[in-house]
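Reminder, nothing fancy here: chain letters follow the sequence lines and each chain counts from 1. On a predicted model such as this, the values are computed, not experimentally measured, just so you know. Atom set for the values below is all heavy atoms of this structure, side chains included, hydrogens, waters and symmetry mates excluded.
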Amino acid sequence: MDTNNRALPQPAAFESDSWIDQRIAVLAPSEAWQPNVASGQSLLRKQVNAARSRGPRHWSWVTVFAAVAAAVIVAFALTAAPTPRVLAQRCVDCSIAIWQSISPAAPAQQNLTPTDKRVPAPDFTLTDAEGKSIRLSDAKGKVVLVNFWATWCGGCQVEIPWFRDLYATYKSAGLDAIGISMDDDGWTSVRPYLKEKPIPYTIVIGNESTAKLFKVSAMPVTILIDRQGEIAVTHTGLVTKSTYESEIQSLLK
Amino acid sequence: MNVTAPSEAILEVEAAASPAATFDIDSLFRARFDRVARVVARVVRDPARAEELAVEAFVRLWRTPQAHTPQAEAWLYRTAVRLGLDELRRQTRRERYEGLLALVRRNPTPEQLHATTEEQTRVRAVLTSLPARQAELLLLRSQDLSYRELAAALHIHPASLGTFLARAQNSFRKEYTKRYGHQ
């Protein structure tokens, strides 16, 4: 039996809900309004004829192929393309390579403050990646290189390989080095950086007060502290590797 | 509610691949355009826009061979109501954004002011906030569609229509009361 054609009983809820019926009834257009059949028919013919002239709408193989290709490219771009951070890093690496290739081998200079005019280095305590407290005063008796840097700082990327080499060469002679990162998001940026480019000396995350202690207003800033714990020289901006080496050698004597 | 017989004389429907070859859209249009436009005009404030959307419903019916059945008329009304509700939602959204930008806010025309009463605005606002099928059912019910046609148009089993309608009415009442209090 075809249930659809059977006379169906009207459920009670279907009978009437006069309040709602009244609400819906206010939407009825005015009886005076007569839809314009002629203009409607003309519009219909226009649209139907346009559809006829276009032919049936169906996906062609070319369209499907183009859509799939576009999806693959987008997926590849989203997953395999470098992130903005990696791209920025590559730009920095590239500029470093260019700078190093065109910079002249400047003669070593010494800018050390005379011993009697040196001031004691302000002490600070910061924590390293393992959460260990690092105090500057703990390194007293050694020549300490304190480098303020950041992962986004191009000049710092030039210097860090020098410090890596100098630390490896002069560690046994009494050189210590502390890299103070000034990245706003701290270890979130620094940890991946160190994973990619390990630094053998101590790295800590700095803060505003540490930067103020050493009057850091731009980066990179590198301070050399002598064995007495006094500031021997402060370099703001890039100097040459040979300058650092010469100064370290003098301070280690 | 009247149980109207499907318009077999009007719908020269055959199951065929090409809608244009077999479906007499012109006859159906002449017979039903007035009614369909009035259905849309219930939802959309602008009568000229209601006529355009009514034409669009006919074009969609013509383009959809699967709808060329004895229930084509119900399909047509549902499509018209759906187009109207979509348009109303678009209008509401646009007005909301324009309200944020006072510089580009357009004042209603005298025709719009005349055509729209406060109660109509309220009912339309409530309908746009309901789930689409509930709003469609409440609007289609106000047409002279049979119980069977309504169930077919909304793809609801006839036995469930009563429950579905009660739920729609309840949602409408609740939403209306929430917005405007007990009227």
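The cationic group of A:Arg23 does not satisfy the cation-pi geometry with B:Phe172, failing either the under 6.0 Å distance to the six-membered ring centre or the 45° limit from the ring axis.
Partners of A:Gln41 according to the side chain to side chain donor-acceptor pair (under 3.5 Å) rule, which considers only residues two or more places apart in sequence or in another chain, do not exist here. Among residues two or more places apart in sequence or in another chain, the side chain to side chain donor-acceptor pair (under 3.5 Å) test is passed with B:Ser171 by B:Gln134.
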Checking side chain to side chain contact (heavy atoms under 4.5 Å, CB included) for the pair B:Arg38/A:Trp33: CA distance, chi angles, key distance, verdict? CA-CA 9 Å; B:Arg38 284 180 181 282; A:Trp33 174 60; 4.0 Å; yes
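Atoms CZ and CD1, on B:Arg173 and A:Ile20 in that order, are 4.5 Å from each other to the nearest 0.5 Å.
Looking at B:Glu56 and A:Leu43, their side chains never come closer than 4.5 Å, going by heavy atoms from C-beta outward. At least one side-chain heavy atom of B:Leu127 sits under 4.5 Å from a side-chain heavy atom of A:Ile24.
Closest non-hydrogen pair, A:Gly40 versus B:Val55, comes out as O-CG2, 3.6 Å. Nearest heavy-atom pair, B:Trp62 versus A:Val48, reported as atom, atom and distance to 0.1 Å: CZ2-CG1, 3.7 Å. When all heavy atoms are compared, the tightest approach of A:Ala28 to B:Arg42 is CB-NH2, 3.7 Å. Residue B:Phe58 comes nearest to A:Leu44 through the heavy atom pair CB-CD1, 3.8 Å, listed as atom of the first residue, atom of the second, then distance.
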